[in-house]
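FYI, side chains are in, hydrogens and waters are out, and symmetry mates aren't considered; it's all heavy atoms of this structure. Owing to the predicted nature of the structure, the values given are computational and were not obtained by experimental measurement.
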Amino acid sequence: MARSSVITHPLSRRRLLKGGAALGIGSAAALGLRPAWANPWGQTNVYAKGVEEGPEVALAIRRESLDIDSQAARPFTINGESPGPMIRLKEGQDAVLRVTNLLDEPTSIHWHGLILPPDQDGVPGVSFPGIAPGETFTYRFPVRQNGTYWYHSHSGLQEQLGHAGPLIIDAAEREPFRYDREHVLLLTDWTFEDPMAVFRNLKTAEGYYNFQERTIADFFADVREKGFAATAEMRGMWAKMRMSSRDIADVTGSTYTYLLNGHSPEENWTALFKAGERIRLRVINGSAMSYFDVRIPGLKMTVVAADGQPVQPVPIDEFRIAVAETYDVLVAPEDDTAYTIFAESMDRSGYARATLAPREGMAAEIPERRKIADRGMEAMGVHGMNHSDMAAMDQAEMSSMDHTKMSGMDHASVQGMVQERSQMNADGMLAAGVAQSGSRYDQAGIGIDPDERRMLVYRDLKAFTPWPDRREPQRELELHLTGNMERYMWSFDGKKFSEVTGPIHFEKDERLRLILVNDTMMEHPIHLHGMWMELENGQGELIPRKHTLNVKPGERVSALITADAEGSWAFHCHLLYHMDAGMFRVVKVA
């Protein structure tokens, strides 16, 4: 029988060298999970020590002293590592994961993206009671999929303190692409502040962490480029909303250190290769709040999987990865030289970095940083409007848009003015195969120049095979993503989780269309537990399956769902502080 394993790769080698050996099961030789190539995780890999009596993984969660970016810190650790060790499972096996809580507070682990029984999903108060201090909870579930996933705490703000790790599931059958070596790249954001203090700061002052506000020089530059009327109109609009056009990220590099596999840019984590090899990079955004734009200057990438699911190959130069998403890419370095893996934060306030190299100690040039972009009218769902059009808008109409409405608390008012309506057929359903008006699947998002390099967009994603359930949806469910940036309140349909009276109901085995309308000025990565969402991106019967959908400001996104997972499931924005502020619901399938 194939065995589960905990594999300690160089996510946190400093801890291992201090004697913090991971607990787990199986030596490399006994696991039977390794492909033909000798060392898929790089020459610096150290395997976990353990016994061989069964397909089990043992995980111990503590709060420990550990250096991060050469500074003393107190992160959550899993088997002595922060981020936690890589867990490797095999499709078709039964996973047994024993999690011991050695903290002085309750904890949990959610297996992000895995299809499993609801009582194994790991969300306290929804699917199980959590793991009390001193207790051990044993997760048991069949592994019915393969690909790149991750795990993290679903208790309080623990995820911000390093309570996360990569989860890789090897395929039972041959995958539709070949490679010689692989590396796992886990992106996280670390703050030396108490996460509760970060949360209080966000509630205290809109833009508390935004140190990239516009200046007088920016104003005059805009006047030269767009004219005084358009510039004044735009500035007035943002002033009415009491927001900044540079509110790109709630928490920024002013407090965050961006880490790749637990290492800061200066520490330069290295992934090894031999010239001529085809390398699989499994990229996971395990951060609390940060989107990243990922590129490897000098190397083309080919996207072969999204959220663990294989997609038809897409050659690209760069991709944006939302919080909680995963992408697998192939690269084929031909030369005996180093390449920089560069993950720039969406708001351009910092970056994570690693090196892909044939030998340890090599480094490549870090690319020039891009400047922060400004949000425009597209953030309100007004598509195709230029600055001259904006300047000509009726002043009374603009004045009617007070900041609370525009930030989503009265989403119906905003929607009525700025959102294009979908074309419905006679039954009130979307015409089959027609993408919704208001979606922007052909755009990567703010701060991206499509002429600069080839960017991955949602429209590119095309499943390798059709999803088995080809039924037309029996009904539609429309939810609005709402919030108030000034008061830092986030919600669905204008109600925080604490204000709702019951769950969202799905009928067992029904086929439905979920429509997400973003009435806010911020991006939201929306995650549904327990079921796949099939993104209606115009690819017909080959629309891609995802566990997390990024919804851009003012955008309307639709996905098909087969409600085949009976039980109660979490449904939320995966920006940690948005979820904690109320953008969370429970879906009940019964």
Side-chain angles (χ1 to χ4, degrees), residues 3-8 11-12 14-16 18-26 48-68 72-87 89 94-112 114 116-141 150-167 188 190 194-197 199 262 286 288 529 567-568 570 576 579-580 584:
R3 302 176 187 269
S4 308
S5 64
V6 176
I7 298 174
T8 57
L11 289 180
S12 186
R14 293 163 301 193
R15 187 63 183 167
L16 291 175
K18 292 178 182 178
L23 304 174
I25 186 70
K49 298 179 180 179
V51 293
E52 314 242 348
E53 287 87 3
E56 297 184 4
V57 171
L59 301 172
I61 302 171
R62 297 177 175 86
R63 189 85 184 265
E64 297 186 88
S65 297
L66 178 68
D67 285 352
I68 295 177
R74 289 278 296 171
F76 283 78
T77 66
I78 302 172
N79 290 2
E81 299 183 48
S82 183
M86 180 169 71
I87 298 174
L89 305 176
D94 289 329
V96 180
L97 303 109
R98 302 187 187 280
V99 180
T100 299
N101 181 3
L102 300 178
L103 304 167
D104 59 3
E105 61 184 275
T107 192
S108 58
I109 290 183
H110 164 58
W111 314 102
H112 185 102
L114 267 59
L116 38 62
D119 60 350
Q120 303 300 299
D121 192 47
V123 182
V126 175
S127 58
F128 88 136
I131 309 172
E135 291 189 353
T136 296
F137 181 85
T138 301
Y139 292 88
R140 301 176 187 267
F141 53 85
W150 63 299
Y151 63 92
H152 59 84
S153 173
H154 230 292
S155 300
L157 302 176
Q158 293 176 359
E159 186 184 334
Q160 177 73 92
L161 289 170
H163 192 331
L167 173 61
T188 55
W190 171 265
D194 184 326
M196 286 306 299
F199 197 25
H529 292 220
S568 295
L576 183 62
M579 180 179 70
D580 211 57
F584 183 99

Using every non-hydrogen atom in the two residues, find where [X] and [Y] come nearest and quote the distance to one decimal.
X    : Y    : answer
D67  : A72  : OD1-CA, 3.7 Å
S568 : S127 : O-CB, 4.4 Å
P166 : Y151 : O-CE2, 3.3 Å
G156 : L576 : O-CD1, 4.0 Å
L102 : A60  : CD1-CB, 4.1 Å
W190 : G162 : CZ3-N, 4.2 Å

Under 3.5 Å, side chain of [X] to main-chain N/O of [Y], donor-acceptor pair present?
X    : Y    : result
N79  : A58  : yes
S82  : F76  : yes
D194 : M196 : yes
E135 : G130 : no

Taken in chain and number order and not counting sequence neighbours, the residues that satisfy ring pair (Phe, Tyr, Trp, His ring centres under 6.0 Å) with W150 are H112, H152, H574
Take L114 and L167, measure what side chain to side chain contact (heavy atoms under 4.5 Å, CB included) needs, and give me the verdict at the end. CA-CA 10 Å; L114 267 59; L167 173 61; 3.6 Å; yes
How long is the span from the [atom1] atom in [X] to the [atom2] atom in [Y], to the nearest 0.5 Å?
X    : Y    : atom1 : atom2 : answer
H163 : S155 : NE2   : OG    : 6.5 Å
T188 : E159 : OG1   : CD    : 10.0 Å
E64  : L103 : CD    : CG    : 10.0 Å

4.5 Å side-chain heavy-atom contact, [X] and [Y]:
X    : Y    : answer
R63  : L161 : yes
I109 : L97  : no
L89  : W111 : no
I87  : L59  : yes

Report the residues that fulfil side-chain contact (heavy atoms from CB on, under 4.5 Å) with R98, sequence neighbours left out, ordered by chain and then residue number.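 Partners of R98 by the side-chain contact (heavy atoms from CB on, under 4.5 Å) criterion, ordered by chain and then number, come out as E56, V96, T136, T138, R140.
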Classify the ring geometry between H154 and H110 as parallel (under 30°), tilted (30 to 60°) or perpendicular (over 60°).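 It falls in the perpendicular class, over 60°.
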For the residue pair F128 and Y139, does the interplanar ring angle fall in the parallel (under 30°), tilted (30 to 60°) or perpendicular (over 60°) class? tilted
Partner of P124 by side chain to side chain contact (heavy atoms under 4.5 Å, CB included), out of S108, P129, S153: S108
